[in-house]
Structures are given as C-alpha cells and as structure tokens.
Amino acid sequence: MKVSVALLLELGIILATLSLLGTLARRFTLSPIPLYLLAGLALGEGGIAPVPAAGAFVETGAGIGVVLLLLALGLEFTVPEFAASLHRHLPSGAVDLVLNATPGAVAGWLLGLDATGILTLAGVTYISSSGIIARLLSDLKRLGNRETPAVLSVLVLEDFAMAAFLPLLAVVATGGTWRQALLGVLLALGAVLAALAVSYWWGHHIGRMLLHLRPDAEQLLLRVLGVTLIVAAVAEAAHISAAVGAFIVGLSLTGEAADQARQVLSPLRDLFAAVFFLSIGLSVKPETLLPVLPAAVLLGLVTALTKMAAGWYAARREGTGRRGRLRAGTALIARGEFSLVMIGLVGVRQDRLGALAAGYVLLLAVTGPVVTRFAGTRPAPSAGTSRQVRTGGEKLDLRGEHPAGGQPPRQP
Amino acid sequence: MRFARDVMIGGMDVNEVLLPGVGMRYEFATRDGDRMSVVALRSGEFELMAYEGVDADEARFVFRLTREEADILAEILGAPRIAERFADLTKEVPGLSAGQIEVRAGGPFVDRLLGETRARTRTGASIVAIVRGEEVIPSPGPTQVLRAGDVLVVIGTHDGIAQVEQIIQADQ
C-alpha cells in the first residue's frame, strides 16, 4: 500500500489546527463550528495555504459528516418526547417557523436568487443549532430554569421539521419539478413516520437485533455505520437525500441500543462533522465573502430579532417572566450545523448563496451564545459572575464560573 | 409522556417537567418553603438547583453529580429512612406487609432501570432490596439496573405489592 505523504501531512496539519481552534473555543465556552468554518476559508484556493492533496478526502469526509450529524440527531430523538413537545408547543413551533423562514426567503428573493436559493436561505435562517444551544444551556447552568423546556421543545420541533424540509430541498436542488418535490417530501415524511412507528412499537426488537450476541464497541460501530450508509445511499438514490436516510436510521433506534450507538459513534461524528464544516469553508472563495457581508449582517440582525420573538413567545407559554423570555429568545439565536447542512445539500455551486450563508452562520454562531450569556441574567449580586461573599458574610456563591469577557462583579 | 405534570411522591407534591433531548426535571418545595429541583440528565448525571430571590424562573445551580455520586447521595438520604420503615411500620401499621417479586426473563423491565418502573409513584409500595443470586442490594436507587432472575423485596400494602407485581411481570 502506498501512502501519499502530502495527504498525511496536510490532513495532519489541518486536524492539529482544528484541535487548537477547538480548544480555544471551548476555553471561552463557545462553539468551535465558526472557527472550523474560518479555518476552511483561510485554507484552499485563494487562501493562505492551498491543500490540494487533502481536498479529495475532505470532500468525501464531508458527505459522511452530514450523514453522521443526522444519524446522531435521530439517535437523540424519542417519540414520547417529540409527542409531548408537539402537544405543548405546536403554536410555538408554528410561530418559530413563520417568523424565521420568512426573512430568509424574502432576502433570497431580494438578492435575485432562484427558487432553490430562496428555499435554502429560508431553511438556513429557520433552523437554530440544537447542538450549540443544548450545550450552551448546560454550560450556562440554565437546565433548572423555567424557560428551558420551552427552548428545548422548539429545538425538537425544528429538528423534525427539517426532516420534511431536506427532501424538498434535495429534489428542488436537482432541478426536479414541483410534483417530484412533493412526491419526495411525501416519501420522506412517510419513511420518517414509518421509522417513528417502528421505533415506538418494535424499537426494543430492533435494539435486540443490533445488540445481538453482545457486540463489542468495534462490532457495534461497524454494524450501525454499515446499516446507516446503506440506508443513506438508498435514500439518496430515491432523491430524498442521504441525510434524511441517516436520520431515519437514528429514529428507529431507541433506548439501550441508541445509547450504545451514540457512545461508539460520537468520536467519529465529531471528526467527520469537523471535516464537513471545514469543507463548507473551503468551498467558499474568500473574495466572494466580502461583497455579501452587508447582506449577511443585516439578515443576521433581522433573524436574531425574529428568533428572539419566537423564543419569547414559547417561554411565555410556559408562564415565564420577562427575563426568562429574554433568556429563551436569545438562547435560540445561534445558527450552526444544520444551516450548513442545507447549504451542503444544494452545493455551494451558487457562489453568492454559499458565501452569504457561511458569513451568516459565522456571525450568529458567535454572537448568539455571547448575547444570551449577558441577556436576562440576574441583576442581584448572586449573578454567579464571581466568587464573592454575599450579605451576611456566611454563604459563598458556589458558582465559581467566570464567563468569557467576564462582567465586572456588581456589589450589593 | 406528558410535558409537565404534578405527581404526589410520598405525600409531597413534585412537579415533573420534560427537558426534551436532555432529561427530566423534578421540582418541589420543602416544608420551610424553599424550592429546589433535581435535573436527571440522559447521561445518568444529575444537577441539583435551588430557586431563590429576584427571578423565580431562574435556578441557582448548586451541584452536578456523576452517576456514582448520585447513588451515594441517594444511599445517604434514603437508606436510614427505608430501614426505619422496614423495622417499625411492618410491625406497627396494620395492613402493611412485605413481599417478594421475581423479575422474569423477557419481562418489560429486564435490563432497564429500577426508576423506570416508577413502582413507588404508581403503587405507593417501596422496593427496599434486590436479591441477585448470592448478592443482596439494599435500598436500590432509581438508577439500579434490573436483571432477569432478580428478586425484589417490596414493602407496602397488600394491594400495592400486587400492583408492583403486575408492573414488573407484565407481558410486553
């Protein structure tokens, strides 16, 4: 076997750089996604270092990254949770969809994009990053807050809506007619519902099959990955997109099997998702970014506000006060991996769209978490911004966390 | 699964809230009027929070416990109480009895968590010990995994014990 030295070296340098960037991001409890994007922008044609040898690997890896992202999303998903969220927050989900898909569509229309572009941009502005936000809520210690169930419900509903949206996008992107698109959506929805039914009624049987003969981690990884890639290929061939195929596999696994699959897949998912974010950055030419920057900033501003409105509404349904509503609204601002999945699906052949979406995600993946950190926090001295002795001098604040850019501690 | 509901656990009003994709949150007020909540994460970890002061919607994070730490805390909090119950109540309270229930192979809770049976919430009867072969697990926590062949030692009313038996040995 002959190994290309250039490939190994380029890939090694890329991964080492990503790891460095990731560490940096985690240090400030920020998502590494925008930094991966930036790394992609900086590399490649027209960037500081072209990576010709690693290019092919990154391209292949990106496809697998999308599949693994959606598989992991499906594995997180459970029918009872979805049903409960739908029951409680259907109006929140609808408000969220209308308020946040519309600005993207309007922007696409104003920029003179074609139907695919308009549809994609609507999806990009609609879907919040459940990955970034779930982690953020935990990092900011908000899991006990009254508004948190509302935020998480909106995310679950969005993820489900995406499963219907991706096949629509896939068909329209390949130049299919509206009838084919409708057929694709129905097919995908049917498959998703079938998977949900299977997981609900026969989930433990499937799990037992998967865990048959108590496989070790390696065996389980190969089993799940093999099945997922086959289903993804079939879905792609049926024009409902490989991503939806992978999501369906994830959906049909529940309980113990899903937990174990999640465990063995998670490092692989992290690697290939990073490669995917990198590839989006790589495929956008840096010189196309500057002209669309004003549009990206404006769109970011508008959709930050519309997301806040949606979160405000959802939190109000939970009976939360004003500060809680503000926290919920700002928490939802972050867009990330799934906005990029949509761009990846239509390909970045539309130069302007790719650059616009990359700039947009870059902006909101960074500002969203920062804004929510400072929005709606306690004005009282126990805001958790520093270790300080509270009035009475007996109790110490147990939260010793210093948020990045730390607010100055306020005295009582 | 309901999004949020109030359940009575041992005479205390507990508000159960679903955190989709993350876990469950249990909220309650103590007799002194302090409100606290326990977030059970999917990862098996727990977070303990207190509510206080200006914004009643905002929890003040107190601790994050690993699965093992949570087990130890539960043991510290629960063990003496259950032992007391076992010693005193079966003797003194008429109608209270003890029973043994086998976890049969192929039953609905084989390889599932004891907490998932929600036996105490649903029946009022407590599972105070699990006999597994030679081994006895005293006052098992909700994260205890049940195995086929386990024998559960249950304290409760006659009806309560029968109901637990129905839950544990139900057909799938």
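Reminder, nothing fancy here: chain letters follow the sequence lines and each chain counts from 1. Just so it is clear, the values below take in all heavy atoms, side chains as well, and ignore hydrogens, waters and symmetry mates.
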* Stepwise side-chain contact (heavy atoms from CB on, under 4.5 Å) check, Leu143(A) with Leu41(B) -> CA-CA 10 Å; Leu143(A) 294 181; Leu41(B) 300 166; 3.6 Å; yes
* Asked: Where does Arg112(B) contact chain A at under 4.5 Å (heavy atoms): side chain, backbone, both or neither?
  -> neither
* Structure fact -> Pair count under 4.5 Å, heavy atoms only, with chain B: among Ser130(A), Pro149(A), Ala150(A), Ala134(A), highest is Pro149(A)
* Just do the salt bridge (charged side-chain N to carboxylate O under 4.0 Å, His left out) check on Arg42(B) and Glu81(A) with the steps written out, would you? => CA-CA 13 Å; Arg42(B) 272 196 186 171; Glu81(A) 280 188 357; 2.9 Å; yes
* Please check if the side chain of Asp57(B) supplies one atom and the backbone of Asn145(A) the other of a donor-acceptor pair under 3.5 Å. => no
* Asked: Looking at CD of Glu45(B) and OG of Ser138(A), how far apart are the two atoms once the value is rounded to the nearest 0.5 Å?
  -> 8.5 Å
* Leu137(A) vs Leu19(B) side-chain heavy atoms within contact, under 4.5 Å -> no
* **Per-residue contact mode, Glu318(A) against chain B (heavy atom under 4.5 angstrom)** => side chain
* Residues, nucleotides or ligands: over 12 heavy atoms within 6.0 Å of Arg322(A) CZ -> no
Between side-chain atoms of residues 100-109 of chain B and protein atoms elsewhere (two or more places apart, or another chain), which donor-acceptor pairs fall under 3.5 Å?
residue, atom, partner, partner atom, Å
Arg104(B), NH2, Gln169(B), OE1, 3.4

* Chi angles and distances behind the salt bridge (charged side-chain N to carboxylate O under 4.0 Å, His left out) call for Glu47(B), Arg142(A) -> CA-CA 10 Å; Glu47(B) 288 189 1; Arg142(A) 287 195 184 166; over 6 Å; no
* To do: Might you work through the side-chain contact (heavy atoms from CB on, under 4.5 Å) test for Lys141(A) and Glu58(B), ending with a clear yes or no?
  => CA-CA 10 Å; Lys141(A) 320 258 191 256; Glu58(B) 190 179 2; over 6 Å; no
* Structure fact -> Gly144(A) and Met49(B) have their tightest heavy-atom pair at N-CE, 3.4 Å
* **Pair Arg262(A)-Ser43(B), side-chain donor/acceptor within less than 3.5 Å** => no
* Identify the heavy atoms of Pro20(B) and Ser153(A) that sit nearest to each other, and give their distance. => CG-OG, 3.7 Å
* Asked: Of all the residues in residues 85-93 of chain A, which have a heavy atom that comes within less than 4.5 Å of a heavy atom in chain B?
  -> Ser85(A), Arg88(A), His89(A)
